[in-house]
Amino acid sequence: MSNGFDDIPFFDEEPAPRGRPDGPQAGAPVPATTPASMPASGTASSPAAGLGIAARAMAARDVGRRPDYLSGLNPEQREAVESIDGPVLVLAGAGTGKTRVLTTRIAHILASSKAFPSQILAVTFTNKAAREMKERVGVLVGGAVEGMPWMGTFHSIGVKLLRRHAELCGLRSAFTILDTDDVVRLIKQLIQADGIDDKRWPAKQFAQLIDGWKNKGLSPADIPEGDARAFANGKGRELYAAYQARLKTLNACDFGDLLLHPIKMFREHPDLLKEYHAKFRYILVDEYQDTNTAQYMWLRLLAQRPKGVPQNVCCVGDDDQSIYGWRGAEVDNILRFEKDFVGAKVIKLERNYRSTEHILGAAAHLIAHNEGRLGKTLFTDRSDPDDQKVQVHAAWDSEEEARAVGEEIEQLQRQTHRLNDMAILVRASFQMREFEDRFVTLGLNYRVIGGPRFYERMEIRDALAYFRLVCQDADDLAFERIVNTPKRGLGDTTIRALHDYARARDIPMLAAAAEMIDTDELKAKARKSLFDVVTNFRRWQGLLENTPHTELAETILEESGYTDMWKNDKSAEAPGRLENLKELIRSMEQFESMRGFLEHIALVMDTETNENLDAVSIMTLHSAKGLEFETVFLPGWEEGLFPHQRALDEGGRSGLEEERRLAYVGLTRAKRRCHIWFVSNRRIHGLWQSTLPSRFLDELPVTHVDISEPEQSYGGYNRGGYGQSRFDKQEPFSNTYSTPGWKRAQANKTDATRDNWGSRSGVSIERVGYGESGPRAKTIDGELIAKSKVDDPSKFTVGERVFHIKFGNGNIAGIEGNKLTIDFDRAGQKKVLDGFVDKL
DNA sequence: AGCTAAGCCCTTTTT
DNA sequence: GGGCTTAGCT
């Protein structure tokens, strides 16, 4: 990625294309329907290698044969690729070759000499998608993609625009991009500075509010009165404004600003917008269903042209895969495309190349439960009697779930399936841990995608704060982070004084430090320490331009005493942290400058995975979008977890539909095998709670689904050392929906399942007892515990003999409200909820 | 100033 | 259950 600080004169980057970009070409015209017979065009050894991609693509064309990138496309895909002039909306179902269409379309534009690579604006939603698109365009036209500077995420393109025109937004080009963590810390300062109780009005919550406003494209003046009042007794608007002002003095942006500033800039400078209109001859947008209002405004500004001028915009999306409503995505954007771009051509891609008919059938049946769809029906020609139906499995608890999934994986592995072809897709990241634990025990390679991130580690953030401050000395957040790390005797008192001094004079804290050294406001010791800090930073800043950046980075960490701090640390983590710091320096090598590096990590928080290692992928359903695997495991299909309680509480019906789309995304990731799991017991907040199978299981078609028979009596229960449980005597699963959990779900269907998971008010009701009717035990947290005792005071007594469905028989050792401490014969002492045990 | 112990909150998804 | 922040102590 370019570092974004290039000084290349903007509008002279490329020669004028041959002929008018949207008119007939001066060179050999290429009717789009030329018969095809071209061999693989630019490989590394082709004569065109080494040229830019446009040149290579054209060279391929000039050979006089139809480029083979068009062959192998189905008619709809062909149309989507070849309709390059005028607005096009491609509704592409899962696995219908969406990315292929996008990349081929780009190749086609280039090969038709309609535009230079730098004249194509191609926007994706995630960095991963951008990376993949770059690679695939590269493969199509031969070699790596140089010269497509405007392919990237909304945010990365936003940064690029902002670096160029920072002054129009009241920033300087070297501005810092703050991540969520910085933002929260900053807001916390503002809240406290305003004398607002930050317990009652958490900074994190306000950060989310601001983010929501920005997603809607609202600046402080625009936010609705109600919203403004809702936070901190009506101070919402002022706080938001104060936050923006503070960002300006810090010369910093948050993620939302990367979209909002360009919008504002284009609105206020129509001439500038015009220049970009001239520049971007073709605009492509991936995952259009995920765009939020701000992104929509951004796109419309760039894509809409005066009457008569062709609007060469192509948006690709799938309303059934819209899963980001919670962060402001507006499915409406895709629904109104035809209104926004008059004369738009709408092309549906419904032929699926990815999954078996069982998987497709299951997914289609599920998603049909949603209302308000554009209505696509995926189909496939693929039909193989050997194809496996979607497998639904039941497990007792998440531990057994992980164990069983592990066994299935090992079995597949023995059948020579690669781990790289398998993935576990979870609803919420806390589910990952159990699988990780299990796989560590098994010695099974796994990779967590989008998990705890490298760049979020303490030592990395510290190091980055040093680098940020060197690059941008107004970055007070960075300053505050490291001014006393390692310890330099600069405590709260000193920092507060610096803070006040800086604020009073409207200067950065580093500058304030430099000035305060010469005053007598601080103690001599603090002054000495500050002097060292300031001198160090001045020196490092001097080295910035002429020292290799990796060398400078090492120098900074050495001279600041930061590495020494960890070397002297005797804790177990210290060596790992030093190793991470080395890794950080190593990863800087790929970048041209320290600034380029900082920008990369601000935007691309994910660390690259090494594909060479054969490993199972573990990730959330959200981050799985766009990926595919031979075998997919979908654990945790239980009410409250999936669909997630919070989605239901906050989103109501549309929340449920979004969850269903998420389930649809999960199913359609699978090419050949798909295993769904649900458990009867899950530990939530440290307590065992019983759970109901997800309603989505009911929405799967029986014809494409198998309820799998567990191998030998339920995984591990009777061989796991808990002794015989009553459950062992249950009928084994039959081939119909007759698992105990399932039956229970049916029985309870009319009950309000939403109460099943502890809501925040602390009341949760659960049901246990197979074969018995109706809810029995009440599990109540907090103050309602007392009530439940009054209702049913003599349910259990200390010393009583009881049975627990998981742990077997035991004696009650203690009772606290509804929580029992039980000495189990086999499982030892456990704390369980009274609803889970029966008197013997 | 710095450490430890005790409470507190939270646990959906992300550029 | 657990990670984090705060309060209170040395």
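Because the structure is predicted, anything quoted here is derived from the model rather than measured.
Residue A:Phe430 contributes atom CZ, which lies 7 Å from atom C1' of B:dT11 at whole-angstrom precision. Distance CD (A:Glu599) to P (B:dT15): 16 Å, rounded to an integer number of Å. Between the CD atom of A:Gln205 and the C1' atom of B:dC9 there is a distance of 13 Å, rounded to whole Å. Separating the CD atom of A:Gln208 from the C1' atom of B:dT11 is a distance of 13 Å, rounded to the nearest angstrom. For the pair A:Gln295 CD and B:dT14 C1', the interatomic distance rounds to 11 Å; values are reported in whole Å. At whole-Å resolution of the value, CZ in A:Arg327 and P in B:dT14 are 8 Å apart. Remark: P of B:dT12 and CD1 of A:Ile449 are 22 Å apart, rounded to the nearest angstrom. If you take CD1 of A:Ile601 and P of B:dT15, they are 15 Å apart, rounded to a whole angstrom.
Applying the 4.0 Å criterion to OP1 and OP2 of B:dT12, one finds that A:Arg427 has every side-chain N and O outside that range.
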Step-by-step ring pair (Phe, Tyr, Trp, His ring centres under 6.0 Å) determination, A:Trp298 to A:Tyr296: CA-CA 5 Å; A:Trp298 188 98; A:Tyr296 170 78; over 10 Å; no

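Between B:dT13 and C:dC4, the distance separating the two P atoms is 16 Å to the nearest Å. If you take atom C1' in B:dT12 and the same atom in C:dT5, they sit 24 Å apart, rounded to whole Å.
No side-chain heavy atom of A:Val679 sits under 4.5 Å from any side-chain heavy atom of A:Glu400.
Here A:Tyr446 pairs with A:Glu436 under the side-chain hydrogen bond (donor to acceptor under 3.5 Å, both in side chains) rule; sequence neighbours left out. Residues meeting the side-chain hydrogen bond (donor to acceptor under 3.5 Å, both in side chains) test with A:Glu659, sequence neighbours left out: A:Arg427.
Taking 4.0 Å as the cut-off between side-chain N and carboxylate O, A:Asp179 and A:Arg461 count as a salt-bridged pair. Classification of A:Glu399 and A:Arg438 as a salt-bridged pair fails, no side-chain N sitting under 4.0 Å from a carboxylate O.
Residue-level contact check: A:Lys188 touches the backbone only, with heavy atoms under 4.0 Å from sugar-phosphate atoms and none from bases. When heavy atoms are screened at a 4.0 angstrom cut-off, A:Phe125 is found touching the sugar-phosphate backbone but no base atom.
Judged by distance alone, with hydrogens and angles left aside, A:His644 brings no side-chain donor or acceptor close enough to the base of B:dT12 to form a pair under 3.5 Å. At a cut-off of 3.5 angstrom, the base of B:dT12 holds no donor-acceptor pair with the side chain of A:Trp326.
Nearest to the side chain of A:Thr620, among B:dT15, B:dT12, B:dT13, sits B:dT13. Closest to the side chain of A:Tyr324, from the set B:dT12, B:dT15, B:dT14, is B:dT14. Side-chain proximity of A:Lys204 to B:dT12, B:dT11, B:dT15: nearest is B:dT11.
Using the six-membered ring where Trp is involved, A:Trp566 and A:Tyr562 have ring planes that are perpendicular, over 60° apart on the 30 and 60° scheme.
When A:Asp290, A:Thr291, A:Asn292 are each tested for a side chain to side chain contact (heavy atoms under 4.5 Å, CB included) with A:Tyr324, only one passes: A:Asp290.
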All N/O contacts under 3.5 Å from nucleotides 1-5 of chain B to the protein, with atom names and distances to one decimal?
| from | atom 1 | to | atom 2 | distance (Å) |
| --- | --- | --- | --- | --- |
| B:dA1 | OP1 | A:Gly491 | N | 2.9 |

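Between A:Phe255 and B:dT15, a base-stacking contact is recorded: ring centres under 5.5 Å apart, planes less than 30° from parallel.
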